[in-house]
Amino acid sequence: MSNIIAETQRIVLRLIEDADRDLIFKLSKESMMISALPQDDKFQEMYKQTCWEEVNRPSIFNVLIFLKDTGEFIGKICMQFIDDPLPELGIDLLKKFQNFGYGPEAIIAFANWYGQVHSLSQIRVRISKENDHSRHVFEKLGAVYSEDTPSVNPGFVAMMKDLLPDADISALTLNNVRDYILHLPVIEQGV
């Protein structure tokens, strides 16, 4: 596997390559927000292209997560708003790989690598108020609550309006998230 940026005993984090387009789409399709929307062939192709453009935006640094022993794709982790003084970490795992400790493992490896390379002492994490599991994981990693903010990035809402102009996507903007500050380096604290 080339372009590896970090690895642990169980996982490997590597840069995204052109051949990863279908992996990105597979992960995005599994999202609950997308599964409820109409998904004809035209939508699927438009969404696949949009997903690919999103992971390759200059303001986001994405890497993919693979199992070290099998090379199987399990998800992606990213740093968003990389030009901001306080960039934001995001992670998304395929459902069948959730609840095995891969998330915290990837967060620690990626956040510590990114923080060291970019001389950061802290990053932001945004967690949906309904996502108790993620909140618990990040709090165990030392994340400290900062404030509540709107849940969906305005860019995502605009993208969905473009893709599905007749769909009611108002529910995407109703929930709030809790913002946390995660200090670097991250040290595993009994996750």
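Nothing here was measured: the structure is a model prediction, and the numbers come from that model.
For residues 107-121, no pair satisfies salt bridge (Lys or Arg N to Asp or Glu O under 4.0 Å), with sequence neighbours left out.
Take T8 and apply the side-chain hydrogen bond (donor to acceptor under 3.5 Å, both in side chains) test, not counting sequence neighbours, and it matches E105. Residues satisfying the side-chain hydrogen bond (donor to acceptor under 3.5 Å, both in side chains) test with D84, not counting sequence neighbours, are none. With sequence neighbours left out, A143 forms a side-chain contact (heavy atoms from CB on, under 4.5 Å) with F138, Y180, L182. D132 meets the salt bridge (Lys or Arg N to Asp or Glu O under 4.0 Å) test with R135; sequence neighbours excluded. Residues satisfying the side-chain contact (heavy atoms from CB on, under 4.5 Å) criterion with S121, sequence neighbours excluded, are absent altogether. Residues meeting the ring-ring contact (aromatic ring centres under 6.0 Å, His included) test with Y114, sequence neighbours left out: F61, F110, H118. For F97, the ring-ring contact (aromatic ring centres under 6.0 Å, His included) criterion is met by no residue, not counting sequence neighbours. For N112, there are no side-chain hydrogen bond (donor to acceptor under 3.5 Å, both in side chains) partners two or more places apart in sequence or in a different chain. When the salt bridge (Lys or Arg N to Asp or Glu O under 4.0 Å) test is applied to E7, the partners found at least two apart in sequence or on another chain are K68. Remark: Q49 engages R21, E53 in a side-chain hydrogen bond (donor to acceptor under 3.5 Å, both in side chains) (not counting sequence neighbours).
Distance check, rounded to the nearest 0.5 Å: CG of D92 to CG of L64 gives 11.0 Å. Interatomic distance, CG of L15 versus CD1 of I5, reported as 6.0 Å (0.5 Å rounding). We find the CZ-CE distance between R124 and M79 to be 11.5 Å, quoted to the nearest 0.5 Å.
Side-chain contact between V12 and I65: absent, with no pair of heavy atoms (C-beta onward) separated by less than 4.5 Å. Contact check for W52 versus D18: side-chain heavy atoms found under the 4.5 Å cut-off. By the 4.5 Å heavy-atom criterion applied to side chains, I60 and V55 are not counted as neighbours. No side-chain heavy atom of L89 sits under 4.5 Å from any side-chain heavy atom of C78. Within the 4.5 Å cutoff, the side chain of I4 has no heavy atoms near those of the L13 side chain. Two residues are said to be in side-chain contact when any heavy atoms from C-beta on lie closer than 4.5 Å; N62 and R57 fail this criterion. Within the 4.5 Å cutoff, no side-chain heavy atoms of I74 are placed close to those of F66.
I181 shares a hydrophobic cluster with L86; the chain of contacts runs through ILVMFWY side chains whose heavy atoms sit under 4.5 Å apart.
Within 6.0 Å of CD on Q116 lie no more than 12 heavy atoms contributed by other residues, nucleotides or ligands.
Although no hydrogens or angles enter the test, the distance criterion places a donor-acceptor pair under 3.5 Å between the side chain of E30 and the main chain of K95.
Inspection of the S134 and N131 side chains reveals an N or O donor paired with an N or O acceptor under 3.5 Å.
The only option from L93, L27, V63 that meets the side chain to side chain contact (heavy atoms under 4.5 Å, CB included) definition with K76 turns out to be L27.
Cluster annotation: F73 and F100 are assigned to the same hydrophobic cluster (Ile/Leu/Val/Met/Phe/Trp/Tyr, side-chain heavy-atom contacts under 4.5 Å, transitive). Both W113 and I108 sit in one connected hydrophobic cluster of ILVMFWY residues. Membership requires side-chain heavy atoms under 4.5 Å apart, directly or through other members.
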(request) Dump the intermediate steps for salt bridge (charged side-chain N to carboxylate O under 4.0 Å, His left out) on R14 and D20, then the final yes or no. (result) CA-CA 11 Å; R14 79 153 167 80; D20 296 327; 2.8 Å; yes
